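Input: a single structure, listed below in structure tokens.
Position 1 is the first residue of the sequence; numbering continues from there. On a predicted model such as this, the values are computed, not experimentally measured, just so you know.
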Amino acid sequence: MRGKAAPKRSILPDGKYSNLEVAKFINYLMSDGKKATSEKIVYSAFDLITAKKLDALEVFDNALKKVSPTLEVKSRRVGGANYQIPIPVRNERRMYLACKWIIDSARAKKGRPMHEKLAEELMAAAEGTGDAFKKKSEVQRMADANKAFAHFAR
């Protein structure tokens, strides 16, 4: 490893809800530096959730909790063979993966505005259904199937 590790940057909470997780989610959703656009999308999605008589922040937190993985597999070469080794997921990565899976599954749906797709995916994830939750279940299942190789982890 060359040089020293980059300093950890702290981000400010978002303007509307004063929540750090929402601010991180907005940053993950942002593309080409268009933060105002991603803020509009997230806040519109939260407004749609609120219109269905649900607390938007509660739905968001539940969705992140349900979609966050505890284990994932990493490929490791041992003696000429590649093994999928289950490893625990750090908290920052857990948050990142949950957000990424929710955003990717919302983007995969076609034919409607992004804020509608995002609101639908967040509500589905909070209930334990939807594509993002399926992805998490798939990753957990892979990790459970490869428990026998856990002794190869450092």
Side-chain angles (χ1 to χ4, degrees), residues 8-9 11-77 82-150 152-153:
K8 194 82 174 146
R9 293 193 183 108
I11 64 165
L12 299 173
D14 74 299
K16 193 170 183 181
Y17 295 99
S18 299
N19 190 326
L20 270 174
E21 288 182 337
V22 174
K24 274 221 184 268
F25 189 79
I26 288 169
N27 287 346
Y28 290 139
L29 181 65
M30 176 173 55
S31 62
D32 298 330
K34 296 187 176 188
K35 191 166 192 165
T37 305
S38 63
E39 279 177 345
K40 275 185 210 163
I41 291 169
V42 170
Y43 294 149
S44 299
F46 281 10
D47 290 342
L48 284 176
I49 293 170
T50 308
K52 298 210 172 171
K53 305 284 189 262
L54 297 166
D55 181 25
L57 275 180
E58 198 176 298
V59 168
F60 177 72
D61 287 337
N62 285 342
L64 284 183
K65 280 188 187 104
K66 293 256 175 100
V67 177
S68 299
T70 53
L71 288 172
E72 68 177 337
V73 291
K74 244 190 186 145
S75 200
R76 176 122 187 261
R77 192 171 175 86
N82 283 323
Y83 295 107
Q84 297 286 335
I85 299 171
I87 56 166
V89 184
R90 292 189 341 263
N91 282 339
E92 299 96 36
R93 181 155 171 79
R94 194 177 292 179
M95 166 76 176
Y96 168 74
L97 286 174
C99 292
K100 182 180 183 308
W101 292 340
I102 289 171
I103 291 167
D104 286 349
S105 56
R107 282 185 179 145
K109 294 179 167 82
K110 300 288 179 204
R112 281 179 317 199
M114 181 61 183
H115 62 97
E116 288 178 16
K117 299 186 288 187
L118 185 61
E120 185 181 298
E121 191 57 45
L122 282 170
M123 288 188 288
E127 293 168 8
T129 58
D131 294 340
F133 188 77
K134 263 190 230 160
K135 177 76 173 159
K136 180 234 179 176
S137 302
E138 191 179 299
V139 167
Q140 292 281 118
R141 200 168 29 254
M142 277 285 288
D144 288 339
N146 289 298
K147 278 261 201 266
F149 305 122
F152 286 129

Query raised in the report: Between E21 and D61, is any pair of side-chain heavy atoms under 4.5 Å apart?
Result: yes
Query raised in the report: Is D104 close to K135 at the side-chain level, that is, under 4.5 Å between some pair of heavy atoms?
Result: no
Just verifying a value: how many Å separate [X] [atom1] and [Y] [atom2], rounded to the nearest 0.5 Å?
| X | Y | atom1 | atom2 | answer |
| --- | --- | --- | --- | --- |
| L118 | M123 | CG | CE | 10.0 Å |
| K110 | K117 | NZ | NZ | 6.0 Å |
| K66 | I102 | NZ | CD1 | 11.5 Å |
| D14 | Y17 | CG | OH | 8.0 Å |
| K74 | I87 | NZ | CD1 | 4.0 Å |
| S44 | E39 | OG | CD | 11.0 Å |

Nearest heavy-atom neighbours spanning [X] and [Y]:
| X | Y | result |
| --- | --- | --- |
| L29 | M114 | CD1-CE, 3.9 Å |
| L20 | L12 | CD2-C, 4.0 Å |
| I85 | R76 | CD1-CB, 3.2 Å |
| V67 | F133 | CG2-N, 4.3 Å |
| A119 | L48 | CB-CB, 4.0 Å |
| P86 | K147 | CG-CA, 4.0 Å |

Query - Derivation and outcome, salt bridge (charged side-chain N to carboxylate O under 4.0 Å, His left out), residues D144 and R141 - result: CA-CA 5 Å; D144 288 339; R141 200 168 29 254; over 6 Å; no
**Report entry** Heavy atoms of other groups near K109 NZ, more than 12 under 6.0 Å
**Finding:** yes
Report task. Spell out, as yes or no, whether a donor-acceptor pair under 3.5 Å connects the side chain of E72 to the backbone of A143. Result -> no
Query raised in the report: Who pairs with R112 by side chain to side chain donor-acceptor pair (under 3.5 Å), at least two apart in sequence or on another chain?
Result: E120
Report task. Output, in order, the C-alpha distance, side-chain angles, deciding distance and verdict of side-chain contact (heavy atoms from CB on, under 4.5 Å) for K35 and N27. Result -> CA-CA 7 Å; K35 191 166 192 165; N27 287 346; 3.1 Å; yes
Query raised in the report: Only one of K24, R94, M95 forms a side-chain contact (heavy atoms from CB on, under 4.5 Å) with L64, so which one is it?
Result: M95
Report summary line: Exactly one candidate in D55, L54, L122, I41 meets side-chain contact (heavy atoms from CB on, under 4.5 Å) with F46; the answer is L122
**Report entry** Which residues share a salt bridge (Lys or Arg N to Asp or Glu O under 4.0 Å) with K34, sequence neighbours left out
**Finding:** none
Query raised in the report: Going by the angle between their ring planes, with limits at 30° and 60°, are F152 and Y83 parallel, tilted or perpendicular?
Result: parallel
Query raised in the report: What is the ring orientation for F25 with F60, classed by angle as parallel under 30°, tilted 30 to 60°, or perpendicular over 60°?
Result: perpendicular
